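The structure under discussion appears below in the form of C-alpha cells.
Hydrogens, waters and symmetry mates are skipped; everything else that's a heavy atom, side chains included, is used. Everything quoted here is computed from the prediction, not taken from an experiment.
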Amino acid sequence: MADNQKSRAKTEQAKGKAKEALGRAVGNERMTAEGRAEQSKGDVRQAKEKGKDAFRR
C-alpha cells in the first residue's frame, strides 16, 4: 500500500509540473495555478508517506 501511495505522489507531482509548464507556455493562469495545486497535493502525500516510514523504523 505504501509503495502505491508513493508512486501516486510522484505521479501527481509530475502531472502538476507538466500542467504548470503548459499553462505558462500558453499564458493560462488558471492552468498554471491548477498545476501548482496538484504539485502541492503530491508533496503533501509524499511527506505523509515519509512520516509513516520514519515511525516504522
Side-chain angles (χ1 to χ4, degrees):
M1 181 74 169
D3 290 335
N4 182 30
Q5 292 296 318
K6 288 178 185 177
S7 64
R8 192 169 169 192
K10 291 289 184 185
T11 302
E12 284 178 343
Q13 290 170 336
K15 281 175 50 179
K17 282 184 183 187
K19 190 180 268 190
E20 182 181 4
L22 182 61
R24 283 191 181 160
V26 298
N28 188 334
E29 291 181 21
R30 181 177 175 196
M31 187 180 288
T32 303
E34 286 175 1
R36 281 193 210 123
E38 205 162 328
Q39 282 181 34
S40 295
K41 190 175 171 184
D43 291 343
V44 169
R45 188 181 307 273
Q46 186 177 31
K48 180 180 84 171
E49 290 303 316
K50 283 184 178 183
K52 283 183 187 177
D53 287 345
F55 283 109
R56 287 184 187 145
R57 295 180 184 182

Set of residues satisfying side-chain hydrogen bond (donor to acceptor under 3.5 Å, both in side chains) with respect to [X], sequence neighbours excluded:
X	result
Gln13	Asp43, Gln46
Asn28	none
Arg36	Glu20

How close do [X] and [Y] get, counting heavy atoms only, and between which atoms?
X	Y	result
Thr32	Arg24	OG1-N, 3.3 Å
Gly42	Ala9	O-CB, 3.5 Å
Ser7	Asn4	OG-O, 2.9 Å

If you round to the nearest 0.5 Å, how far is NZ of Lys10 from CD of Glu49?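 Between Glu49 CD and Lys10 NZ, I get 12.0 Å after rounding to 0.5 Å.
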Under the rule for salt bridge (Lys or Arg N to Asp or Glu O under 4.0 Å), what residues qualify as partners of Lys17, not counting sequence neighbours?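 Applying salt bridge (Lys or Arg N to Asp or Glu O under 4.0 Å) to Lys17 gives none.
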If the condition is salt bridge (Lys or Arg N to Asp or Glu O under 4.0 Å), which residues does Lys15 pass it with, not counting sequence neighbours?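 Partners of Lys15 under the salt bridge (Lys or Arg N to Asp or Glu O under 4.0 Å) test: Glu38.
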Electrostatic pair Lys50-Asp53, nearest N-O below 4.0 angstrom: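 Salt bridge flag = no for Asp53 with Lys50.
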side-chain contact (heavy atoms from CB on, under 4.5 Å) partners for Lys41, two or more places apart: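 For Lys41, the residues satisfying side-chain contact (heavy atoms from CB on, under 4.5 Å) (neighbours in sequence not counted) are Glu12, Arg45.
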